[in-house]
Number of protein chains: 2
Amino acid sequence: MTYCLGILLPSGLVMASDSRSNAGVDQIARVHKMALIEQPGSRVIAILSAGNLATTQSVVTRLKEATGSGDLTHDLYTARSMFEVADMVGNKLREVIAHDGGFVQPYGDPSASFLVGGQIFGEAPRLFEIYSAGNFVEASERSNFLQIGETKYGKPILDRALTAQTPLDDAAKLALLSFDATIRSNLSVGLPIDIFRYETNSFSTANFATLEDHNAYWRNLRQGYSEGLSALVAQLPAAPQVWEQPGA
Amino acid sequence: MTYCLGILLPSGLVMASDSRSNAGVDQIARVHKMALIEQPGSRVIAILSAGNLATTQSVVTRLKEATGSGDLTHDLYTARSMFEVADMVGNKLREVIAHDGGFVQPYGDPSASFLVGGQIFGEAPRLFEIYSAGNFVEASERSNFLQIGETKYGKPILDRALTAQTPLDDAAKLALLSFDATIRSNLSVGLPIDIFRYETNSFSTANFATLEDHNAYWRNLRQGYSEGLSALVAQLPAAPQVWEQPGA
């Protein structure tokens, strides 16, 4: 399983992915699920992957190899908008599935999905989710985070706390709390976490980090949250022995 | 969708279910998903249902009608243990599916699952989950809660806070917080919540309640939790602008 999260804010993007790949519990590996593609000063693109690892690696590798080729259908450097980037990712996914899907099917599910976030000079940062079918949806201020993979455990904290006004560094904190909830409840999502904070108009991939278990901020965050939550729950009153009567 | 939860503790059981039934978003109804079967002083059985409503109602109604019949394979009053009760529910489910499944299949999924909790004089309270296949698993002190339906949103709070030492009234509080998380994140799980607290050796169904939105405890609980959680998250430090270097 996988957990990838993208958050879109006026101040920028937070993109985060876990690193566990497994084909059954006895075959577990650490992989990269986030690819960054950059033209300093003009474009930054983050592609986060879930699903069949051979499929996602094939899509990302082929797209990376095509950068600078001038091929208007596959060269991410030629895309004039993040919408075109999302379209190229979806089309490449369809090509890979058309090429490999029939051979893979007898052994397992060849499908994959992606989060694609970034900024191209001339437009604001944008965030897309590319479905297994190759079509895609875009985040907006009304729906400002997208998730792929094991999405449910980490959703409540975002539903409660993330708003369009959340500062970028607080959004990064919420992203990590969302990963904490997921990692606690699903063994197949695992450290390290790759996290990329992109500040609007920075056109820089500098604020990327890989958080291992021993990272001090990560450890303090999850410990502080866990202790604070236990204290909060303990302090809320227990259920009454006698319930309020309906209509009372 | 549905959310049903059963918690097994030395001090008793907490069983809770939501009330929303839907066949598409334009056909929504309130239904009972918890049935209580009681022989004062000797047995208390709670059956919680998820899945196809016609299937679950057929299973529960037929089992209720068979009580007192003396039929050793279907009369819950004759079951000598909660294991036998779980077996009867699983067998009845297979009968109903054998009878109706083929007719229902062209229109939708006929399958169902159940939580069965209770106590029969002579043994401790027990809790089971009956799968769609009619087989079942039992909760224990190592795995002291079981869920059916929309299980994921409400699992993190239980993973974090529920222990074998949790008092029954605190377990009821945790159950309601688990429902709060689920209801916030999934529209197809809805109020009222039926909640039944069973105290070991009481052989009583007296502590059953239906919580509507205006129930004072429920309102205060979810408001207190929401405000406390917001304050906790706000008080945790934002992600650092510069990440700790690996190995530093």
Side-chain angles (χ1 to χ4, degrees), chain A residues 14 150-157 159-161 167-177 180-182 184-186 192 195 197 207-212 214-218 220-221 224-248, chain B residues 14 150-157 159-161 167-177 180-182 184-186 192 195 197 207-212 214-218 220-221 224-248:
Chain A
V14 176
E150 175 57 276
T151 62
K152 291 192 176 183
Y153 298 119
K155 186 165 178 284
I157 185 79
D159 283 336
R160 284 180 192 274
L168 205 56
D169 294 342
D170 282 321
K173 170 178 73 176
L174 290 174
L176 292 175
L177 289 173
D180 180 36
T182 309
R184 278 178 195 269
S185 287
N186 187 332
I195 182 164
R197 254 174 304 171
N207 205 327
F208 172 88
T210 296
L211 304 187
E212 300 276 358
H214 53 68
N215 178 277
Y217 176 73
W218 166 251
N220 292 337
L221 181 70
Y225 184 73
S226 180
E227 290 172 1
L229 198 65
S230 297
L232 168 62
V233 169
Q235 160 247 305
L236 292 168
Q241 260 301 311
V242 178
W243 292 101
E244 180 188 4
Q245 289 307 301
Chain B
V14 176
E150 175 57 275
T151 62
K152 291 191 176 182
Y153 299 119
K155 186 166 178 283
I157 185 80
D159 282 337
R160 284 180 191 275
L168 205 54
D169 295 341
D170 283 322
K173 170 178 73 177
L174 290 174
L176 292 174
L177 289 173
D180 181 36
T182 309
R184 278 178 196 271
S185 288
N186 187 331
I195 182 163
R197 254 174 303 171
N207 206 327
F208 171 89
T210 296
L211 305 187
E212 300 277 358
H214 53 68
N215 178 276
Y217 177 75
W218 166 251
N220 292 336
L221 181 71
Y225 184 74
S226 180
E227 289 173 3
L229 198 65
S230 298
L232 167 62
V233 169
Q235 160 248 304
L236 292 168
Q241 260 301 313
V242 178
W243 292 101
E244 179 187 5
Q245 290 306 302

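What you see is a predicted model, and the numbers here were worked out from it, not measured in a lab. All chains are named by letter (A, B, ...) in the order of the sequence lines, taking the proteins before the strands, and each is independently numbered beginning at 1.
Counting heavy-atom pairs closer than 4.5 Å to chain A, the top-ranked of the candidates B/A216, B/A231, B/A175 is B/A216. Note on A/G224, A/P237, A/A181: by heavy-atom pairs under 4.5 Å with chain B, the leading option is A/P237. Between chain A and the options B/E212, B/K155, B/R197, heavy-atom pairs under 4.5 Å are most frequent for B/R197. By number of non-hydrogen pairs under 4.5 angstrom with chain A, the leading residue of B/D159, B/N215, B/D170 is B/N215. Between chain A and the options B/A161, B/S230, B/G228, the largest number of non-hydrogen pairs under 4.5 Å is found for B/G228. Interface check for chain B: of the options A/E150, A/R184, A/R160, the most heavy-atom pairs under 4.5 Å are formed by A/R160. Between chain B and the residues A/P167, A/A172, A/S185, the most heavy-atom pairs under 4.5 angstrom are made by A/S185.
Looking at A/L236, the atoms closer than 4.5 Å to chain B (heavy atoms on both sides) sit in the backbone and in the side chain alike. For B/S226, the parts sitting under 4.5 Å from any heavy atom of chain A are the backbone and the side chain alike. Looking at A/L168, there are no atoms closer than 4.5 Å to chain B (heavy atoms on both sides), in backbone or side chain. The part of A/L232 that comes within reach of chain B is its side chain, from C-beta onward, which places non-hydrogen atoms under 4.5 angstrom from that chain. For B/L177, the part lying under 4.5 angstrom from a heavy atom of chain A is the side chain only.
In terms of modelled atom types and a separation under 3.5 Å, the side chain of A/N207 and the main chain of B/Q241 share a donor-acceptor contact.
Among all heavy-atom pairs drawn from A/T210 and A/P192, the shortest one is CG2-CB, 3.6 Å. Contact detail for A/L176 and A/Y217: the closest heavy-atom pair is CD1-CE2, 3.7 Å. Minimum interatomic distance between A/L211 and B/W243 (heavy atoms only, all atoms of both residues): CD2-CE3, 3.6 Å.
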CA sep, side-chain torsions, deciding dist, call: A/I157, B/V233, side chain to side chain contact (heavy atoms under 4.5 Å, CB included): CA-CA 9 Å; A/I157 185 79; B/V233 169; 3.9 Å; yes
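Residues B/Y225 and B/K173 form no side-chain contact, since every pair of their non-hydrogen atoms from C-beta on lies 4.5 Å or further apart.
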